[in-house]
Novice: 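Below is one structure. I have some questions about it.
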Number of protein chains: 2
Amino acid sequence: MSAKAKLRREMSAGSPSSSSLGDSLARQVGSKRTTPGRGHDPELTRQNILAVATKEFAEKGYSGARVDEIAARTNTSKRMIYYYFGDKEGLFVTVLEEAYRRIRQIEATLDLAHLEPEDAIRALVGFTFDYQNSNEDFIRLVMVENIHQGVHLARSRAIQDLNVSVIHTLRDIYDRGVSQDLFRKGIDEIDLHMTISALCFFNVSNRATFSQIFKRDMTAPEMLAKRRETVIETVIRYLKK
Amino acid sequence: MSAKAKLRREMSAGSPSSSSLGDSLARQVGSKRTTPGRGHDPELTRQNILAVATKEFAEKGYSGARVDEIAARTNTSKRMIYYYFGDKEGLFVTVLEEAYRRIRQIEATLDLAHLEPEDAIRALVGFTFDYQNSNEDFIRLVMVENIHQGVHLARSRAIQDLNVSVIHTLRDIYDRGVSQDLFRKGIDEIDLHMTISALCFFNVSNRATFSQIFKRDMTAPEMLAKRRETVIETVIRYLKK
DNA sequence: ATATTAATGTACGAACTAGTTAGTTTGGTC
DNA sequence: GACCAAACTAACTAGTTCGTACATTAATAT
C-alpha cells in the first residue's frame with residue numbers, strides 16, 4: 001500500500017475529528033476532503049504538497065530547496081508536484097501566495113473600527129508582532145523572495161491585491177486619530193505601515209545573526225514581551241502629537 | 001596570455017594611479033600589490049576572488065551562488081578558490097567577515113563623543129541609514145546568512161567581536177542623554193540598537209516585495225530622504241522624555 | 001459494461017555542480 | 001643554472017538535481 005493510500009485510510013476510518021489534528025501541517029492538512037470516499041483526492045494531494053513545500057522553501061531558501069526532498073516528505077510522488085504546479089518556480093509562487101493570503105485573511109477579521117485610534121494602533125501593531133513571531137515560515141519566505149528580487153511575486157496578481165487592504169485600515173485609524181487631535185498631521189500611511197513592518201519583521205528575520213552577536217535568545221517569552229512593548233511604544237510615540 | 005597575466009600587466013604598466021579606479025571592485029581591487037614585479041600576486045588574487053564572490057553571494061544567495069560562475073568572473077581559476085578558501089563555505093565566511101569589517105571600521109571613525117546626545121543619535125542613525133542604503137550587498141549577505149540560521153557567522157569569532165563596539169558607543173550617548181535629563185530612563189541599549197537596525201535594514205532588505213506591493217520606488221532620492229527623516233524622528237521620539 | 005478523462009507511480013536522463021587530480025609556471029635562493 | 005616552494009591551470013569525477021517519458025489506476029459519463 002502506498003503512503004498516500006495509507007493517509008486516505010487514516011482519514012476515512014476512525015473518529016470523524018481526527019486525533020492527529022495537532023500534527024504538523026506537513027503530515028496532514030486540515031482541509032476537508034472535497035469528495036469523501038474517493039480514492040483519488042486531488043485537493044488533499046495539492047494541500048499536502050504545499051504544506052511540505054512551504055517548510056522546505058522557508059527552511060532552505062529557493063535554490064537550497066530540493067524538489068526531490070519535498071516529494072519524499074509528501075504522501076505522494078514528485079510527479080504530482082509537476083502535475084499540479086508545473087515546475088519548481090510555480091510551486092514556490094503558490095507557496096508564497098498562500099502564505100500572504102493567510103496573514104491578510106486573519107488581519108481582515110481584526111475589526112479595529114470600533115476601537116479608539118490609539119487602541120486600534122496598539123491592537124494592529126500587537127497583532128502584526130505576534131503573527132510574525134509565531135509564523136517564522138512566512139517571514140522567511142518573504143526574505144527568500146526579496147533575495148530573488150521579487151520575481152515570483154511579480155508573477156502573482158493575487159498577492160498584490162491582498163496587501164492593499166492593510167493600508168486602508170491604517171488610513172482609517174490614522175484619520176480618526178488626526179481629527180481627534182491625537183495624532184500629528186502629515187504622516188504618510190505607507191510610511192507608517194513600513195515602520196510597523198520593519199519593527200516587527202526584523203525581530204524574526206534577523207534572529208540568527210542578531211542573537212549570535214549580542215547573545216540574546218530572541219525567542220524567549222520575556223524577551224519577546226519586552227520587545228513587543230518597545231515596538232508598540234515606538235509606533236505610538238511616532239504618531240502622537 | 002592568461003587573463004591574470006593581462007591584469008598584472010595592466011597594473012604594472014601605465015600611470016601609477018590607475019585610471020580604472022572607478023571600475024567595479026570585482027574587476028580590480030584597490031589593495032596595493034604586496035610584492036611588486038612578481039608574476040604571482042597572491043593578495044591580488046585573493047582580493048579579486050573575494051570581490052567577485054561578494055557580488056555573487058549577495059545576488060544569488062548561498063545556495064544559488066555557483067563556484068564555477070565566481071571562478072569564471074575572476075581573473076584566476078576555480079582551483080584558486082579552493083586553494084585560498086578551502087571550500088564554498090570557507091569562501092562565504094570570509095566574504096561575510098569582510099563585509100562586517102567594512103561597516104564597523106567606518107562606524108568607528110564617526111567620533112560622536114563630542115556631539116550633544118540628540119545630535120549624536122541623529123548622526124549615528126543617519127550614518128546607519130545611509131551606509132545600509134548604499135551598501136545593498138552587505139544587507140543581502142546578512143539576509144542570506146539569516147536564511148541559513150547563522151551557521152557561518154557562528155564559525156567566525158572575528159565578526160562577533162567587531163559588533164560589540166556599537167553597543168558601547170550607543171550606551172555612552174544614551175547615558176549622557178539621560179544625565180542631561182533629555183532621554184527617558186530604563187531603555188536597554190541593545191533594544192535601542194535593534195530598533196535602529198530594524199528601521200534602516202528593512203528599507204533595503206524588503207525593497208523588492210514592498211515596492212512591488214505598494215508601487216513605490218524605494219531607491220528614489222526623494223523617497224529615501226523622506227524615509228531617512230522618518231527613521232531618525234522615530235528613534236528620537238522613542239528616546240525623548 | 002465501456003469509453004474517456006483525471007490522477008498517479010516508476011524509472012530514467014541530460015545538465016549541472018562542488019570539489020579534486022595531476023601537473024605546470026614563476027621568482028627567488030644557493 | 002639547478003632546485004624549491006608557492007602560485008597557478010586544465011581537465012576530470014562523482015554525485016546531484018530538475019524535469020520527463022511512459023505506463024497504470026481510479027472516477028465519471030454514456
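Everything quoted here is computed from the prediction, not taken from an experiment. By convention in this document, chain letters (A, B, ...) are assigned in the order of the sequence lines, proteins followed by strands, and residues within each chain are numbered from 1.
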Novice: In whole angstroms, how far is the P atom of C/dA7 from the CG atom of A/Leu44?
Specialist: 13 Å
Novice: Could you tell me whether the side chain of B/Glu98 reaches within less than 4.5 Å of the side chain of B/Arg101, counting heavy atoms only?
Specialist: yes
Novice: Counting side-chain heavy atoms from C-beta on, which of D/dA7, C/dG9, C/dT21 comes nearest to A/Arg79?
Specialist: C/dG9
Novice: Would you give the length of the straight line joining atom CZ of B/Phe214 to atom OG1 of B/Thr209, rounded to the nearest 0.5 angstrom?
Specialist: 9.0 Å
Novice: B/Asn75 CG to D/dT9 P: how many Å, rounded?
Specialist: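 It is 10 Å, rounded to the nearest whole Å.
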Novice: Is B/Thr76 near enough to D/dT9 that one of its side-chain N or O atoms lies under 4.0 angstrom from OP1 or OP2?
Specialist: yes
Novice: Round to a whole Å and report the spacing from CD of B/Glu43 to C1' of D/dA6.
Specialist: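 One finds 15 Å between C1' of D/dA6 and CD of B/Glu43, rounded.
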Novice: For C/dT8, does either OP1 or OP2 sit under 4.0 Å from a side-chain N or O belonging to A/Thr45?
Specialist: yes
Novice: If I compare all heavy atoms of A/Leu141 with all of A/Ala58, which pair ends up nearest, and what's the gap?
Specialist: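 Closest pair (atom of A/Leu141, atom of A/Ala58, distance): CD2-N, 3.8 Å.
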Novice: Give every pair of a protein N or O atom and an N or O atom of nucleotides 15-19 of chain C that lie under 3.5 Å apart, one pair per line with the distance.
Specialist:
from: C/dT17; atom 1: OP1; to: B/Arg66; atom 2: NE; distance (Å): 2.6
from: C/dT17; atom 1: OP1; to: B/Arg66; atom 2: NH2; distance (Å): 3.3
from: C/dT17; atom 1: O5'; to: B/Arg66; atom 2: NE; distance (Å): 3.3
from: C/dA18; atom 1: OP1; to: B/Ala65; atom 2: O; distance (Å): 3.4
from: C/dA18; atom 1: OP1; to: B/Arg66; atom 2: NH1; distance (Å): 3.4
from: C/dA18; atom 1: OP1; to: B/Lys88; atom 2: NZ; distance (Å): 3.2
from: C/dA18; atom 1: OP2; to: B/Val67; atom 2: N; distance (Å): 3.1
from: C/dA18; atom 1: N7; to: B/Lys78; atom 2: NZ; distance (Å): 3.3
from: C/dG19; atom 1: OP2; to: B/Tyr82; atom 2: OH; distance (Å): 3.4
from: C/dG19; atom 1: OP2; to: B/Lys88; atom 2: N; distance (Å): 3.0
from: C/dG19; atom 1: N7; to: B/Lys78; atom 2: NZ; distance (Å): 2.7
from: C/dG19; atom 1: O6; to: B/Lys78; atom 2: NZ; distance (Å): 2.5

Novice: Specify the separation, in whole Å, of atom CZ of B/Arg46 and atom C1' of D/dA6.
Specialist: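 Answer to the nearest Å: 15 Å.
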Novice: Just N and O in the side chain of B/Tyr83: are any of them under 4.0 Å from OP1 or OP2 of D/dA6?
Specialist: no
Novice: Determine, using ring centers only, whether B/Tyr62 and B/His152 are less than 6.0 Å apart.
Specialist: yes
Novice: Are the side chain of A/Asp217 and the backbone of A/Thr219 linked by a donor-acceptor contact shorter than 3.5 Å?
Specialist: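 Yes, A/Asp217 side chain to A/Thr219 backbone: donor-acceptor pair under 3.5 Å.
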Novice: Output the rounded distance in Å from OH (A/Tyr84) to C1' (C/dG9).
Specialist: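 These atoms are roughly 13 Å apart.
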Novice: Using the ring centroid of each side chain, check whether A/Phe202 and A/Phe210 are separated by less than 6.0 Å.
Specialist: yes
Novice: Expressed in angstrom and rounded to an integer, what is the separation of A/Met80 atom CE from D/dA23 atom C1'?
Specialist: 13 Å
Novice: Is the phosphate of D/dA10 approached by B/Ser77 (side-chain N or O, under 4.0 Å from OP1 or OP2)?
Specialist: no
Novice: Establish, yes or no, whether a centroid distance under 6.0 Å links the rings of A/Tyr100 and A/Phe138.
Specialist: yes
Novice: Nearest whole Å is fine: how far is D/dT17 C1' from A/Ile81 CD1?
Specialist: 13 Å
